[in-house]
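Below is one structure; the comments refer to it alone.
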Amino acid sequence: MSSLEEAIACPVCHKTLINAPQDCNQCHSYFRNEVAKMPSSSLDLTPARVKGEIEDAADAKPLRTELFRLPIISFLYERILPPIWAMGLRNLGGIEIEFQQCVEFFGENLGIVADISCGTGIMARRLALLRQCEQILALDYSEAMLGQLQQQMQLDGILLSQITIIRGDIAALPFAANALDAVYSGAAMHCWPDAEQGIRNIYQALRSGGKLFATTFLQPLPSIVFRFFTLDELQQIAIAAGFQPDSVQVETHGVYAIIRCVK
Ligand SMILES: C[S@@+](CC[C@H](N)C(=O)[O-])C[C@H]1O[C@@H](n2cnc3c(N)ncnc32)[C@H](O)[C@@H]1O
């Protein structure tokens with residue numbers, strides 16, 4: 001189990017504030033200032049920001065990522081989808097069942113748990129209210145989704161000190177290696193530009209014995225905007241990331257898949 005200062009790393013040079021107490025280069029001085037904002041503000045640890053670059057159209061990611069940056073999508077996301085999920089599209093019984101399954105898999109006395117591609121924080125907020133995690137990190141690429149998360153935290157009475165909110169990119173996670181005790185990544189892999197790279201990065205960030213609970217959707221849903229997987233592909237992605245084959249379990253409910261892995 002590590003502290004937040006040991007877990008959060010610069011996504012460019014991969015150093016934490018602990019192992020680079022002096023500024024190592026330009027990226028790290030931005031990183032230091034950003035981390036100093038904790039716990040009163042969210043952090044932007046996307047590689048472009050850390051490098052001081054201005055995002056422009058040329059930096060746009062695929063539509064399946066960019067869609068979620070639209071304010072209308074983030075506004076409607078949790079207002080529309082949960083009842084549809086509960087009808088069986090996402091797990092049998094919807095998000096509450098998924099929360100129970102996730103908590104059961106993670107076990108008790110959790111240290112640092114990350115909700116990666118947290119969106120509006122459907123799981124991070126439930127974990128915060130459960131009060132069994134030492135630290136909760138909620139990371140997403142979409143500023144709009146993270147804005148909704150902050151609003152919803154206020155409504156739920158969750159303090160900024162209870163969830164560290166990070167704008168980050170699955171392609172360059174701002175976490176040290178072997179730092180996280182558990183990762184939840186719900187309904188996200190099909191939205192990432194590169195799912196193989198994403199699961200590999202999560203594997204690196206998990207400590208030995210750390211757990212990943214991820215969910216996504218399967219073919220025959222057509223991969224037009226999102227990338228949908230076969231069961232075999234999901235297993236291969238987890239194994240290629242580094243998980244041992246016997247510690248990868250994929251469960252399906254129709255076109256919904258739940259992946260449980262232990263590092
Ligand atoms: C369908 S939503 C899932 C939100 C939430 N986890 C849930 O369970 O409902 C997919 C999320 O993946 C995020 N995402 C897409 N591409 C990403 C990337 N490159 N890095 C981090 N998050 C990304 C989107 O911003 C969006 O919030």
Side-chain angles (χ1 to χ4, degrees), residues 11 42-50 55 59-86 89-91 93-103 113-128 136-153 163 165-175 182-202 205 212-218 221 223 225-229 255-259:
S42 60
L43 321 178
D44 189 335
L45 295 178
T46 45
R49 262 316 181 83
V50 171
E55 271 181 57
D59 299 316
K61 294 197 180 285
L63 181 57
R64 58 180 180 260
T65 288
E66 292 293 336
L67 251 186
F68 294 97
R69 298 180 73 190
L70 299 174
I72 185 71
I73 299 289
S74 64
F75 178 81
L76 292 177
Y77 191 77
E78 225 179 304
R79 290 173 170 83
I80 286 188
L81 289 177
I84 300 174
W85 292 335
L89 178 64
R90 179 167 178 177
N91 229 327
I95 203 70
E96 294 309 333
I97 297 292
E98 190 160 314
F99 174 57
Q100 282 168 26
Q101 292 172 331
C102 181
V103 168
V113 180
D115 182 352
I116 293 183
S117 292
C118 63
T120 56
I122 279 173
M123 199 55 70
R125 283 169 15 230
R126 282 171 175 76
L127 287 169
I136 300 170
L137 302 164
L139 176 144
D140 201 276
Y141 189 70
S142 159
E143 314 83 332
M145 293 296 254
L146 294 176
Q148 290 292 320
L149 162 61
Q150 289 210 39
Q151 282 184 24
Q152 201 54 52
M153 278 170 65
I163 300 180
I165 302 173
I166 303 176
R167 179 166 183 246
D169 187 348
I170 187 67
L173 287 176
F175 302 131
V183 169
Y184 169 79
S185 193
M189 284 173 73
H190 52 280
C191 307
W192 296 341
D194 183 339
E196 283 80 359
Q197 180 192 42
I199 297 295
R200 213 165 44 234
N201 289 344
I202 289 175
L212 166 66
F213 187 106
T215 71
T216 188
F217 293 94
L218 297 169
L221 291 177
S223 296
V225 173
F226 301 103
R227 172 189 171 187
F228 299 116
F229 305 89
V255 290
Y256 197 58
I258 301 174
I259 304 140

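When a ligand or atom number is given, it counts from 1 through the structure's own listing order. Only this structure's heavy atoms are used, side chains among them; waters, hydrogens and symmetry mates stay out.
The contact shell of ligand 1, taken as protein residues with any non-hydrogen atom closer than 4.0 angstrom, comprises Thr65, Phe68, Tyr77, Trp85, Arg90, Ser117, Cys118, Gly119, Ile122, Asp140, Tyr141, Ser142, Met145, Gly168, Asp169, Ile170, Tyr184, Gly186, Ala187, Cys191, Trp192, Pro193.
Side chains of Trp192 and Ser117: a donor on one and an acceptor on the other come within 3.5 Å. If you check the side chains of Glu78 and Thr120, you find a donor sitting under 3.5 Å from an acceptor.
Under the rule for a ring pair (Phe, Tyr, Trp, His ring centres under 6.0 Å), Phe68 has no partner lying at least two apart in sequence or in another chain. Applying the salt bridge (charged side-chain N to carboxylate O under 4.0 Å, His left out) rule to Arg200 yields no partners; only residues at least two apart in sequence or on another chain are considered.
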Listing, residues 167-175 side-chain donor-acceptor contacts under 3.5 Å, not counting sequence neighbours, or none:
unit_1: Arg167; atom_1: NE; unit_2: Tyr141; atom_2: O; d: 2.6
unit_1: Arg167; atom_1: NH1; unit_2: Asp44; atom_2: OD2; d: 3.4
unit_1: Arg167; atom_1: NH1; unit_2: Glu55; atom_2: OE2; d: 3.2
unit_1: Arg167; atom_1: NH2; unit_2: Glu55; atom_2: OE2; d: 3.3
unit_1: Arg167; atom_1: NH2; unit_2: Tyr141; atom_2: O; d: 3.3
unit_1: Asp169; atom_1: OD1; unit_2: Ala171; atom_2: N; d: 3.0
unit_1: Asp169; atom_1: OD2; unit_2: Lys61; atom_2: NZ; d: 2.7

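Heavy-atom minimum distance, Ala138 versus Ile163: CB-CG2, 3.6 Å.
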